[in-house]
There are 2 protein chains.
Amino acid sequence: MAASNSRKKISESTIHRLSLYYRVLSVLEKENHQTVSSRELAKREKLTPAQVRKDLSFFGSFGTRGLGYPVSELKKQIGDILGLNRLWNVALIGVGNIGSALVGYKEFLRQGFRIRVIFDNDQRKIGSNHKGIKVSDIRNLERDLRENNIEIVVIAVPATVAQYIVDDVVHAGIKAILNFAPVNLKVPSDVFLRNENMSMELEYLSFALSNLQNGRGTIKKEVS
Amino acid sequence: MAASNSRKKISESTIHRLSLYYRVLSVLEKENHQTVSSRELAKREKLTPAQVRKDLSFFGSFGTRGLGYPVSELKKQIGDILGLNRLWNVALIGVGNIGSALVGYKEFLRQGFRIRVIFDNDQRKIGSNHKGIKVSDIRNLERDLRENNIEIVVIAVPATVAQYIVDDVVHAGIKAILNFAPVNLKVPSDVFLRNENMSMELEYLSFALSNLQNGRGTIKKEVS
DNA sequence: TAGCATTTGTGAATGAATTCACAATCGTTA
DNA sequence: TAACGATTGTGAATTCATTCACAAATGCTA
Ligand SMILES: NC(=O)c1ccc[n+]([C@@H]2O[C@H](COP(=O)([O-])OP(=O)(O)OC[C@H]3O[C@@H](n4cnc5c(N)ncnc54)[C@H](O)[C@@H]3O)[C@@H](O)[C@H]2O)c1
Ligand SMILES: NC(=O)c1ccc[n+]([C@@H]2O[C@H](COP(=O)([O-])OP(=O)(O)OC[C@H]3O[C@@H](n4cnc5c(N)ncnc54)[C@H](O)[C@@H]3O)[C@@H](O)[C@H]2O)c1
């Protein structure tokens, strides 16, 4: 068989759904299910079976017709696709409200994201211990990122300084950044930047309560 | 002119982008800009001018041809659409890592989201003060939600108990819920539920680093 | 081993979101 | 007040995402 290589564009939504499948498969594995159908998988995340099958089909064929997907095997496969079957070295910058919460979140480590260094510029915080991690001085950013082989940086500093910090982070060679500051950061095109915008979902709820109370999913519009 | 009423479906992405426009307009207002073009507005959030104009056109025509949009006026209009020109009474359930971070976040209040009550079931936390708010006993959930006219509830409890909590919240008549627990919660169809899934964006970065390093936005797929 | 009930994998069809492209309209200037 | 550069608002075209629908496989049973 003459194997050839094709490239397919995978949408962001598909990747996000893979995260959901992965989560469900972890639960199913704990519940000792051997196999799972696209129908069951879909039901558990309020999706359609066709959606599940299409998403998975972008990456291969993991199921057995008439039976479904092998739970553990599929979990491993999706883990491979998402890069979760390994440990990622993560750094956090800004040990304030949200930064502390993230450091204290054990689930991240369980998923393979190990927060190895945390930075701040507050002298009262530098040197102190947060859940076993000593707070580094932001002035040693580049050195400490390199020494700890950091691959992913989480930004949890005030919006006003976020761009400066990101510039330094990029300069240090980091290619993946998760930003919690409510600001649109500029990074070179070879750096992956994702934003976590909590206000957005609150504002969506506000919109929903204001507009969608009756007549779901629609708004009134005056037309003359 | 015989005015009639039409209903148009507004997509979730459009609403999310309105949040971004609102954010930019707040900055522009502080910078004392009088007007802003769709081009400038787009540039500040890495979108296209056509996208901006189309989004706004769903709700009316706010601009002036040849000039652009009046900054303060447009901000007010979007605020009206999103329901941000008022105060929302919010309750938070689960004063742990992430719950404490949210309570300490002043920006929410500035946007009109006032956390009025916080609940926990931990006796050591109940009664204690968090940023001026006394922690309520989860056993008084229904009473305290009603007494404080709560309209939006934020769930920040462990995933294992989230569904039970949400059932009680729904029973108390709440119609809008923001959930931080990594689990797909079941709510009646007249309740708005939004999920904040931080792992998802980390996993997206993990995927990106694993697959997109060279050949942006694509994956290799074996074809025989 | 044949027949049946299931469920996958995937092209084709449909539906939704984005972008294009341009007429309409404004402010400005001479 | 006429001509011009700028920019909106919006149908139409296009691109992208989801759903449909069914042939191809599989396990199971008798
Ligand atoms: N707290 C929340 O729930 C929440 C929610 C959504 C978004 N955010 C965003 O996350 C960011 C942090 O919010 P927060 O509430 O944790 O704020 P915070 O003030 O509690 O924490 C910010 C931390 O960053 C540190 N810092 C400031 N300048 C720095 C610099 N130059 N270098 C290194 N560290 C520096 C501060 O010392 C502080 O420890 C903000 O951008 C905020 O808008 C927070
Ligand atoms: N910490 C993070 O950065 C983070 C990030 C993403 C998601 N989350 C999710 O947010 C939720 C909370 O995470 P956390 O790190 O804050 O956990 P946590 O254990 O620090 O806090 C949970 C809080 O909920 C309270 N609680 C437990 N059961 C309760 C009940 N029945 N009624 C009322 N209160 C109850 C606990 O007493 C505790 O104060 C979890 O579902 C977690 O997966 C957390």
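Here is how names work: the chains are called A, B, and so on, in the same order as the sequence lines, proteins then strands, and each is numbered from 1. Fair warning: this is a prediction, and the values are worked out from it, not measured in the lab.
- Near DNA chain D, meaning a heavy atom under 4.0 Å from it, residues 12-31 of chain B has no residue at all.
- When the P atom of D:dT8 is taken as reference, atom CZ of B:F59 falls 18 Å away, rounded to whole Å.
- One finds no salt bridge joining A:E151 and A:R114 here, because no Lys/Arg side-chain nitrogen approaches an Asp/Glu carboxylate oxygen to under 4.0 Å.
- Taking atom CZ of residue A:F62 and atom P of nucleotide C:dT8, one finds them 14 Å apart after rounding to whole Å.
- Between the side chains of B:E107 and A:S199, no donor N or O sits under 3.5 Å from an acceptor N or O.
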| task | Let me have a per-nucleotide readout for nucleotides 24-30 of chain D, 5' to 3', with B, S or -, counting only protein heavy atoms under 4.0 Å. | result | BBB----
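- Under the side-chain hydrogen bond (donor to acceptor under 3.5 Å, both in side chains) criterion, A:R65 pairs with no residue, sequence neighbours left out.
- One side chain, B:N85 or B:D80, offers a donor N or O that lies under 3.5 Å from an acceptor on the other.
- A straight line from CZ of B:F58 to P of D:dG9 spans 13 Å, rounded to a whole angstrom.
- Residues from residues 70-81 of chain B that place a heavy atom under 4.0 Å from any atom of DNA chain D: there are none.
- Contact annotation: B:Y69 side-chain N/O to D:dG9 OP1/OP2 distance is under 4.0 Å.
- Under a 4.0 Å N-O distance rule, the pair A:R23/A:E29 does not qualify as a salt bridge.
- Remark: side-chain polar atoms of B:T64 are not paired, donor with acceptor, to backbone N or O of B:L67 under 3.5 angstrom.
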| task | Just do the side-chain contact (heavy atoms from CB on, under 4.5 Å) check on A:F113 and A:L84 with the steps written out, would you? | result | CA-CA 9 Å; A:F113 300 99; A:L84 302 180; 4.0 Å; yes
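- Using modelled atom types, one side-chain atom of B:S206 and one backbone atom of A:L82 make a donor-acceptor pair closer than 3.5 Å.
- Paired with B:R116 under the rule side chain to side chain contact (heavy atoms under 4.5 Å, CB included), one option of B:L145, B:N89, B:L92 passes, and it is B:N89.
- Salt-bridge annotation for A:E12 and A:R194: present, with a side-chain N of the basic residue lying under 4.0 Å from a carboxylate O of the acidic one.
- Remark: the backbone N or O of A:L25 is not paired with any side-chain donor or acceptor of A:K30 at under 3.5 angstrom.
- Take A:Q77 and apply the side chain to side chain contact (heavy atoms under 4.5 Å, CB included) test, not counting sequence neighbours, and it matches A:F62, A:E73.
- Considering only side-chain N and O atoms, B:S38 lies under 4.0 angstrom from the phosphate OP1 or OP2 of D:dT8.
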| message | The test is side-chain contact (heavy atoms from CB on, under 4.5 Å); show your working for B:I177 and B:V166 and say whether it passes. | response | CA-CA 8 Å; B:I177 299 171; B:V166 162; 4.1 Å; yes
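- Sorted by residue number, the members of residues 40-56 of chain A with any non-hydrogen atom under 4.0 Å from DNA chain C read A:R53, A:K54.
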